[in-house]
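Per chain, numbering begins at 1; letters A, B, ... match sequence-line order.
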Amino acid sequence: MSKAVLGFFPYVDKLLRAAQRLKDAGFTDIEVLSPIPIGHEIEHILGEKKNPVKYFTFFGSVAGFIFGTLLALGSAALYILPRYGKPIWPLTPTVIITYESTILLGVYITLIGFLIFGRLPCFRERTYDIKISIDQFALLVRAKKDRLIQVEQIIREAGAEEVKRVDEK
Amino acid sequence: MAGFIELMLERFKVYREPGYYKRFDYWWAMVIDLDRCTGCGACVTACQAENNTPVVGEEECGKGRNLSWIRIERYIEGEYPNVKVKFIPVLCPQCDRAPCEVACPVYATYHNQDGLNVQVYNRCVGTFTCATYCPYDVRRFNWFTYNKKNFLKGNGGSSTSFEPPLDQQLNPDVSVREMGVMEKCTFCIQRIRAAKDRAKDENRPIRDGEIQPACVQTCPTKALTFGDLNNPKSRIAQLAGLSTAGDLHYLRESGSKISDISSNPRTYRLLEDLNAAPTIFYLKRVMKNGSSTAGHE
Amino acid sequence: MKKFLVYVIVGVVTFTIGYNVNLIYFPDLSPKQPINFSHKIHAGDNSIPCQYCHIYADKSTVSGVPNVQRCIGCHKIIKQDAPEIQKLQGYWDRKETIPWVKVYNLPDFVYFSHKRHVKAGVPCQRCHGDVAKMDRITRQAVLFGIPYARVSPLKMGWCLDCHTNGAKEFIGMQVKNGRDCWTCHK
Amino acid sequence: MLNRRDFLKLVGVGGAGAAAGFALGELTKTPPAKLIPYLIPPEDVIPGIANWYASACMQCSAGCGILVRVMEGRAKKIEGNPLHPINKGGLCARGQAGLQLLYNPDRIKNPLKRNGKRGKGEFEEITWEEGLSILTNNLMELRSHGEADRLYLLTSLIRGHLNFLLADFMKAYGSPNYLQYDLFQYENLRFANKIIVGQYTIPHYDIANTNFLLSFGADFVTTWISPVNYNYGYGQMRQGEGRNVRGKLVQIEPRLSLTGANADEWVPVRPGTEGVLALGIAYIILEGGYYRGGDAKLWKDALKKYNPEAVASTTEVSEDRIKQLGKEFATTKPSLAIGGETVSSYENGVSNLVAINLLNHLSGNIGKTGGVIPNPDVIKKSFNPIATIAKDASRRKIKTLILHNANPVFTTPETLKLKDALKDIPFIASLSSLHDETTALADLILPSHTYFEDWGDDFAEPTVGYSVATIMQPAVSPLFNTKGAGDVFISLAKTLGGNLQKDITWEDFGVFLRDSWKKIYERHKGDIKEANFEDFWNDLLARGGWWDAVPKASKPVRVAASEVSAHLSSEPAKFEGNDKEYPFYLILYPHLSYKDGRGANLPWLQELPDPMTSVVWGTWIEMNSKAATGMGIKEGDMLLVESPFGKITAPVYFYPGQRPDTISIPLGQGHTSYGRYADGRGANPIELLPAKTDPKTGAIPLNSTRIKITRVNAPKSFVKMEGVAKELGRNIVQTITPEEFKKMGKEA
Amino acid sequence: MAHQQQGTSNISYREVNDDVIKSMTETGRGFYLVLAVCIVGLALTFGLPWAYQIYVGQGVTGLQSPEYWGLYLTNFVFWIGISHSGTLLSAILFITQTPWRRSIYRSAEAMTFFSVVTAATMVFIHMGRPWNFYWPFPYPNQREMWTNFQSPLMFDVFAIGTYSTSSFLFLYFGSIPDLAAVRDRVTGWRKRFYGALALGWRGTDREWHLLQKAYTFCAVFIIPLAVSVHSIVSWDFASSKIPGLNKTIFAPYFVIGAIYSGTAGIITLMVILRRALKFEKYITKVHFDKLGMLLVVMSLLWTYVNVTEVFTGWYANTSYENEALKYRMFTTPSAYLFWLMIACNAFFPLLYIFRKIRLSIVASLLISIGINLGMWIERFLIIETSLPRKFLPFMWRDYHPSWVEWSITAGSFIFFTSLFVLFVKFWPSFSIYEIKEDIGIPMERKGR
């Protein structure tokens, strides 16, 4: 169990200021909790986030493509029933099935990727405050016990309305 | 691994074959001589007797829901006194490139090795697509459970389609179709099956003329002929003017008109321009004043 | 309120389970026959060939139940005083037919020909199990005294098993057009 | 969370649910199917394998041979007997539908005794013993009163050995009144043939081999005399094997029938003038010098008033047309002229038919292949008896009437008052399989077998130039508690005693039939050559009949002009009703599927679309749309049709193949007591007819009145299967011209 | 971040939460009334007739030979069409970062999902043997039977399956932050319910980042998917040989029609929601203005493809096409419908050219309902004037829908409405966080 500091800001520019100062002071484990995405602003300060989801998208689509092709052609070969004077393995209809399954698995696996990297779903209690979902922007800073006071100080100075220490489970 | 790839390539070649069958085991076909057909309707009743097609009653007939697998279409041209009446029996022509086959999502209809367009009743889920796609309107649907439905309502009487003891007539070789399935002419496939069974017992191929579907059998004028088109000596091959093997190959491979191939200038196929390649060959009716349409050169 | 809901849910779920358990695990696989006819005695102990009684098996789609005359033909002499034979005698004297209960039943849309299978050399036991060991005909397959499956499930996949390649193993013959739907459907 | 009590409750609920589900599963299980073995296996029956029994079709009087497919004792299908010379394997829709007669739900299942007022349809079931004893007692009483000749027996057309048996029975009983009745008995035709061909029979019209067929209203494709045979002939005539000329068919009739639809030319003649037109053609033949006989001069004199101008004005057929027809008929060899039901059904039917037959004589078609081939003589049938019955009954001459499958009440006009006359008969017994209109008036109903359940035979008439007999055998065991008519009469004879017992000694009809066939065998004729009768009999049953394919050489008949012209009338047929009040000619014609109405109780036939109109399940009125202009009539409207004698209501169908001054209505519907499929359906146009029968032949003239129509508001009952009957240039039924066809033959 | 004034900037964040959550938690009598009407109506017009149809058979419909396709298929195409705009529009506007999207897209997406569901039920209602509904799905089974992937109906199975699940996921993932917001405000069973749905969302920068990325990918996928869905539906018809159906123009024709009807559907829905939930401050006239402009564009496009469709038939000049066209355009009763459709879809929407009309809520409502009526007629005519004029004139026969079909058609609308009513109650029907984005990021110094 470690300790962390949670500071609430009503305004984003104050939060950004606090984050910048913390960064300058050498704190790295900074998390922002917000009711709306403020990704662009915060990325300037905390650095660009990696986006691993795109690989999921790519491999999901490829998997969907293969799945669709195999399903359409494979099942046709399993039980040979000719129809319409067309081949058992027609190309045009297969393309459509493949197209749809590419999208299907693409979407599914993208979202699975999002869940995995977003560490969702997660139902154990984590540091949170219901104000965040309304209008409060919060900075969650994890640091060694002895430096917490410094963190509190920086956050307060930056203009936080409320600062509290929380237990990080 | 190399073997597997080779196998797959080989498969690919076979499965990319249009129509899949290079040659049907038998190629059942029918020739209908319109110059002989009088439109008497014997075939319609014979079919109904053979294939357990229910009677649906006046009301349902009025909705076009009669289940006869063969019908006589009658076209009248002209006004009194110059009236031209023409008849044509229409039944499922077992198209080689049947539009219905591609429509079914569950494979309830497909093409078998005998060149028949087959309907598997108990696989049908009833999407109606095959019937909609069929240019010949020969597919028929079981709108009700006919052996439960009283079709004489309003006329005082009460009767189901197979009112006992009428049900004792039902042909055990043909299933009684359930509500909600599509059905159509099978070229009396139960007779084909029986003939194959017999031929197998006697270890011989099926003889020409051995199989007669109910309509062909009963036709008083012998306007209908049934047989194996693969056999160039068969009666139908002769009648249709398709008596060389080359003709047949050409017929299967190309979408060209039968009049280009057949040696009988009377041979034609119904709605040939739709390119469904039906295997019923009609022989043109001989009629004074010619056809009302430009059917010939 | 909430409890009631739980009860309803539990009730419905168990009801469904009970219903399906009955249908799946308690079908009448070995119905009681009007006469306790034992295939074990006839086909097993006395090694009477199947087609001695099921005379139509190689001629027709149906194999045929032996007619009463045929039963009586032997039992005029054999074991006349056994109680079950007395029952048979009773039917014969009253000129009644015996209402045997069907064990193997195929739906109306299936075409099955005993003749074709018998002529191809498929042993009867392949589908009907080792009737020579059964006192009463049963579709319940038993291993070490524990019922575990059906003798033949009579499902489409099971039929197809032989019709594709399986037949090769035991009669050395491939079924021609085995996967054509209209081989078995009508 | 979950305390003990709750847990137990849950377990309880769960257990109860599972038990209930299990119980429901048990309840909803389908009971196991039963396997019922034979007690003693029938010899030739293998379950699952069909047996075919040869028999004769009794749906009309054509006498076709059939094969009945029987599985496990039940008939499944009828097919034409390919060996049979009449139908050559073909069968018409009515023949196919015979099965529904066998399995008709409205068949009489037990003997019935009348239980209320006559005609009310109240009957009680009795046993055969009771039924037979009622009839026996009645007959005994009649005989003991010395009134044996007051027993009348009225049957449908029976031509086989049953006919002999019944004749024997009636003779031995002492009554001369054994009558047979059918609406279409073709008596007029027989009469006309007597004059020209010299035989009181219907000859064989060799359509198959003719090159020019001139048909005067003969709808031989649908119902006329022997449709399957003529259809076969038609097929051969058009595209027969080894023919180098395609036969031509010209149809002369006011309403385009199905045959007319298949003809190369249709001549819409004014109704009733067909005979005149025929004589006009005869005039051309004589004028053109095509007649080779020595008495040409006499004929010319006799026919001189039938010059083309006069004929053209009477018949409304142009002079050129008449000349062209005459020339073509005379020059095309072989040619054939036939006169059908339309022509025969005018008031002057006989003279029309004589005139038409004369054409055959004049162009030398009689006795020639492709012409009129005389048939072997058959037993002379009774005169069409309906007027007799009506008269005798109303004079209280009839004490007891036994009916067998005859239904005159439906097929005679109301104006003949047959129904009232029957009410005067003290006792009516009916041997019938079906509860028809006449049977409904009976006091005692003894249900008879259908032709699938009974022994029997049939001598086709007309045959194909040589004798043809068809055998019937019980293909199925009787469905209901019925008996064959032959068996009934044999057992009656036994109980009645006297002469009857002496003459009729067989134990049942099957034995009688076999004995009778022994006599035929002993003549050693025909195609079946066997050393002993057993083999002969087996062959007969297997083949379905006996025939002697050697045609008899016909003797030339002397036809004298003076004699013939006595039978000719130069006047068009007369129609009842004046043309001001009743503007339309009425043409009644037998329906393809019901004929005179006998097929109306078979649902397959009800649902068979009429080929010309595609109407199902009802009656309709055929009318040219030109005639309807200005009357505000739309297709499907209900019309009230009135003649001076009666009226019916039926929907209208606009039919271009119809003279505008003529209206046609098919027969067959409008039953009041003929089972659930026929009752209350459509209308019976016979009700429009006057009380007239032909004085020479007793035939009922169907086309003898004029009618008027008015539109009425009545519930519509009009179902037709056609959508639009125009091809719209879609090349659906493709054709080539005869000229092209001829050229084609040369190339090939 | 693009930030436009939409007349919402004076609303506080808290107010947004309050408004949306109030619409979910505070239930007035009106809601129960509507719900009760919906449930009863559903049972009477939808459930009972369908049960009757299953019990007696498809014969209770007016279907017949050759019109084997009737109102059910009309409804199917109609609902698939309606489904189009929701997700498609949402995705397109999302990618193009169009700000006025934010307050309407949630209900538009819901509309998509529910109309796809409605369309799917139509397929099952249309089936002859609906108890075998699972047979067209490819899954391993003891029969060793697979499905026919050549069949246009199988394309449908795949397209609709993909579309419905994808658009549901699109809807759901877009709502996660809002579900979390709801979770934070409610108590009791609702807390657990929304807690589970929110998946433990906290709103960290990482979560926001990933969500936005994933959402963008999905949006990119959804656009071609949506286009393919209605093309595939059109191939059900176009891959037949039937005159009037076998047309290459069908795919764009259907897609344009679908977007058109979908957009009109959104307008109708917006008007109703705005009134019912009193959300006038979020759905402003600006939205109607923009959607109105879009409708003018779609209307012109629709007119163009329709004219093309008729032209191709006219130029084909075969008996088949001529008769089908004649039947559609000049034969009663379909001619009435045809010209009504032209009026509703080609002429009335042109009124939107006037700004006054665009800003008039009543006019918008009327025109959008008119468009949807017209689009329904279009689908009806496509099917019901082509099938009765197939190749063999002897089989021509007019189609008369039965009361069962009409009832189920009405029922399908109630079905859709019921689903939507429940959605409004159980789901944040406006995107809380995106409206907040619209309001703007709170800064101490405005304008930064």
(message) Please identify, among R659(D), K720(D), Q100(D), the residue contributing the most non-hydrogen atom pairs under 4.5 Å to chain B.
(response) R659(D)
(request) Check each atom of F87(B) against the heavy atoms of chain D and say whether the ones under 4.5 Å are side chain, backbone, both or neither. (result) both
(request) Count the heavy-atom pairs under 4.5 Å between each of S263(B), P81(B), G78(B), A194(B) and chain D, then report the option with the highest count. (result) P81(B)
(message) Just to verify, what does N262(D) make a side-chain hydrogen bond (donor to acceptor under 3.5 Å, both in side chains) with, not counting sequence neighbours?
(response) none
(request) Go through the atoms of A75(D) and report whether side chain, backbone, both or neither lie under 4.5 Å from a heavy atom of chain B. (result) backbone
(request) Compare every heavy atom of W617(D) with every heavy atom of L152(B), then report the nearest pair and how far apart it is. (result) CD2-CZ3, 4.3 Å
(message) If I measure from the heavy atoms of chain B, does N624(D) come under 4.5 Å with its side chain, its backbone, both, or neither?
(response) side chain
(message) Would you say NZ of K148(B) has more than 12 non-hydrogen atoms from neighbouring residues, nucleotides or ligands within 6.0 angstrom?
(response) no
(request) Measure distances from D173(B) to the heavy atoms of chain D and classify the residue's part below 4.5 Å as side chain, backbone, both or neither. (result) side chain
(request) Would you mind checking which part of A50(D) comes under 4.5 Å of any heavy atom in chain B, side chain (CB onward), backbone (N, CA, C, O), both or neither? (result) neither
(request) Under 4.5 Å, counting heavy-atom pairs only, tell me which of R107(D), M237(D), Q606(D), R69(D) racks up the most with chain B. (result) R69(D)
(message) Quick check on C37(B) against chain D: is it the side chain, the backbone, both or neither that has a heavy atom closer than 4.5 Å?
(response) backbone
(request) Find the distance between CZ (F220(D)) and SG (C40(B)) and round it off to the nearest 0.5 Å. (result) 12.0 Å
(request) State, to 0.1 Å, how close G235(D) and R36(B) come at their nearest heavy-atom pair, and which atoms those are. (result) O-NE, 3.5 Å
(message) Could you check whether any side-chain heavy atom of I736(D) comes within less than 4.5 Å of a side-chain heavy atom of P265(B), counting everything from C-beta outward?
(response) no
(request) Kindly indicate whether the side chain of E607(D), heavy atoms from C-beta on, has any atom under 4.5 Å from the side chain of C61(B). (result) yes
(request) Working to the nearest 0.5 Å, report the span between CD of Q168(B) and CD of E72(D). (result) 11.5 Å
(request) Indicate yes or no: at least one non-hydrogen side-chain atom of R730(D) is less than 4.5 angstrom from one of Y75(B). (result) no
(message) I'd like to know if the side chain of K222(B) reaches the main chain of K88(D), judged simply by a donor and an acceptor atom lying under 3.5 Å from each other, with no hydrogens or angles considered.
(response) yes
(message) Is A223(B) close to chain D through its backbone or its side chain, or both, or neither, when contacts mean heavy atoms under 4.5 Å?
(response) neither
(message) At a heavy-atom distance under 4.5 Å, which candidate from F718(D), Y232(D), Y230(D), W604(D) has the highest pair count against chain B?
(response) W604(D)
(request) Please state whether the side chain, the backbone, both or neither of F480(D) comes within less than 4.5 Å of a heavy atom of chain B. (result) side chain
(request) Would you mind checking which part of I76(B) comes under 4.5 Å of any heavy atom in chain D, side chain (CB onward), backbone (N, CA, C, O), both or neither? (result) both
(request) Please flag which part of Y282(B) lies under 4.5 Å from any non-hydrogen atom of chain D: side chain, backbone, both or neither. (result) neither
(message) Does any backbone or side-chain atom of L270(B) lie under 4.5 Å from a heavy atom of chain D? Answer side chain, backbone, both or neither.
(response) side chain
(request) Mark yes or no for whether Y268(B), through its side chain, and I732(D), through its backbone, hold a donor-acceptor pair below 3.5 Å. (result) yes
(message) Please classify the contact of D35(B) with chain D as side chain, backbone, both or neither, using a heavy-atom distance under 4.5 Å.
(response) both
(message) I'd like to know which of P603(D), G80(D), P105(D) tops the heavy-atom pair count under 4.5 Å against chain B.
(response) P105(D)
(request) Answer with side chain, backbone, both or neither: which region of D106(D) has an atom nearer than 4.5 Å to a non-hydrogen atom of chain B? (result) neither
(request) State the NZ-CD distance between K288(B) and E739(D), to the nearest 0.5 angstrom. (result) 8.5 Å
(message) For T38(B), is there any backbone N or O sitting under 3.5 Å from a side-chain donor or acceptor partner on Y234(D)?
(response) no
(message) Which atoms of P164(B) are under 4.5 Å from chain D, going by heavy atoms: the side chain, the backbone, both sets, or neither?
(response) backbone
(request) Name the region of V56(B), side chain, backbone, both or neither, that has any atom closer than 4.5 Å to a heavy atom of chain D. (result) both
(request) Ignoring hydrogens and angles, tell me if any N or O in the side chain of K76(D) forms a donor-acceptor pair with the backbone of L170(B) under 3.5 Å. (result) yes
(request) Pick one of side chain, backbone, both or neither for P89(B), based on which atoms fall under 4.5 Å of a heavy atom in chain D. (result) neither
(message) Check the orientation of W266(D) and Y80(B). Use parallel for under 30°, tilted for 30 to 60°, and perpendicular for over 60°.
(response) perpendicular
(message) Determine whether E727(D) and K84(B) satisfy the following criterion, salt bridge (Lys or Arg N to Asp or Glu O under 4.0 Å), listing intermediate values before the conclusion.
(response) CA-CA 11 Å; E727(D) 276 191 77; K84(B) 293 272 161 215; over 6 Å; no
(request) Just give me the residue among M721(D), Q96(D), R681(D) that pairs up with chain B most often, heavy atom to heavy atom, under 4.5 Å. (result) Q96(D)
(message) Less than 4.5 Å to any heavy atom of chain D: does that hold for the side chain of D273(B), its backbone, both, or neither?
(response) neither
(message) So does V733(D) get a backbone contact from the side chain of R285(B), meaning a donor-acceptor N/O pair under 3.5 Å?
(response) no
(request) Measure across Y677(D) and E163(B) and return the closest heavy-atom pair with its distance rounded to 0.1 Å. (result) OH-CB, 3.9 Å
(request) Starting at CE of M287(B), measure out to CG of D264(D) and round the result to the nearest 0.5 Å. (result) 8.5 Å
(request) Write down the atom of L608(D), the atom of G41(B), and the distance for their closest heavy-atom approach. (result) CD1-O, 3.5 Å
(message) Donor-acceptor pair, distance only, cut-off 3.5 Å: does the side chain of R676(D) make one with the backbone of S158(B)?
(response) yes
(message) Do R74(B) and E722(D) have side chains that approach each other closer than 4.5 Å (heavy atoms only, starting at C-beta)?
(response) yes
(request) Taking E58(B) for its side chain and V719(D) for its backbone only, find out whether a donor-acceptor pair lies under 3.5 Å. (result) no
(request) Heavy-atom distances under 4.5 Å only: say whether L256(D) touches chain B with side chain, backbone, both or neither. (result) side chain
(request) Answer yes or no: is there a side-chain heavy-atom contact under 4.5 Å between V286(B) and R238(D)? (result) no
(request) Can you measure from CG (L728(D)) to CD (E77(B)) and round to the nearest 0.5 angstrom? (result) 8.0 Å
(request) Quick one: closest heavy-atom pair of T221(B) and N231(D), and the distance? (result) CG2-O, 3.0 Å
(message) Which atoms of V267(D) are under 4.5 Å from chain B, going by heavy atoms: the side chain, the backbone, both sets, or neither?
(response) neither
(message) Measuring from atom CD1 of I78(D) to atom CD of Q217(B), what distance do you get when rounded to the nearest 0.5 angstrom?
(response) 11.0 Å
(request) Answer whether the closest heavy-atom distance between the side chains of R266(B) and Q239(D) falls below 4.5 Å. (result) yes
(request) Using non-hydrogen atoms and a 4.5 Å limit, figure out which bit of C219(B) sits close to chain D: side chain, backbone, both or neither. (result) backbone
(request) Identify, with sequence neighbours excluded, every residue that meets side-chain hydrogen bond (donor to acceptor under 3.5 Å, both in side chains) alongside T613(D). (result) D610(D)
(message) Quick one, V85(B) and M612(D) - any side-chain contact, counting heavy atoms below 4.5 Å?
(response) yes
(request) Examine whether an atom of S593(D) lies under 4.5 Å from a heavy atom of chain B, and if so say whether it belongs to the side chain, the backbone or both; otherwise answer neither. (result) neither
(request) Using atom types as modelled and distance alone, determine if a side-chain donor or acceptor of E79(D) lies under 3.5 Å from a backbone N or O of T218(B). (result) no
(request) Could you tell me which of R94(D), K248(D), Q236(D) has the largest number of non-hydrogen atom pairs under 4.5 Å with chain B? (result) Q236(D)
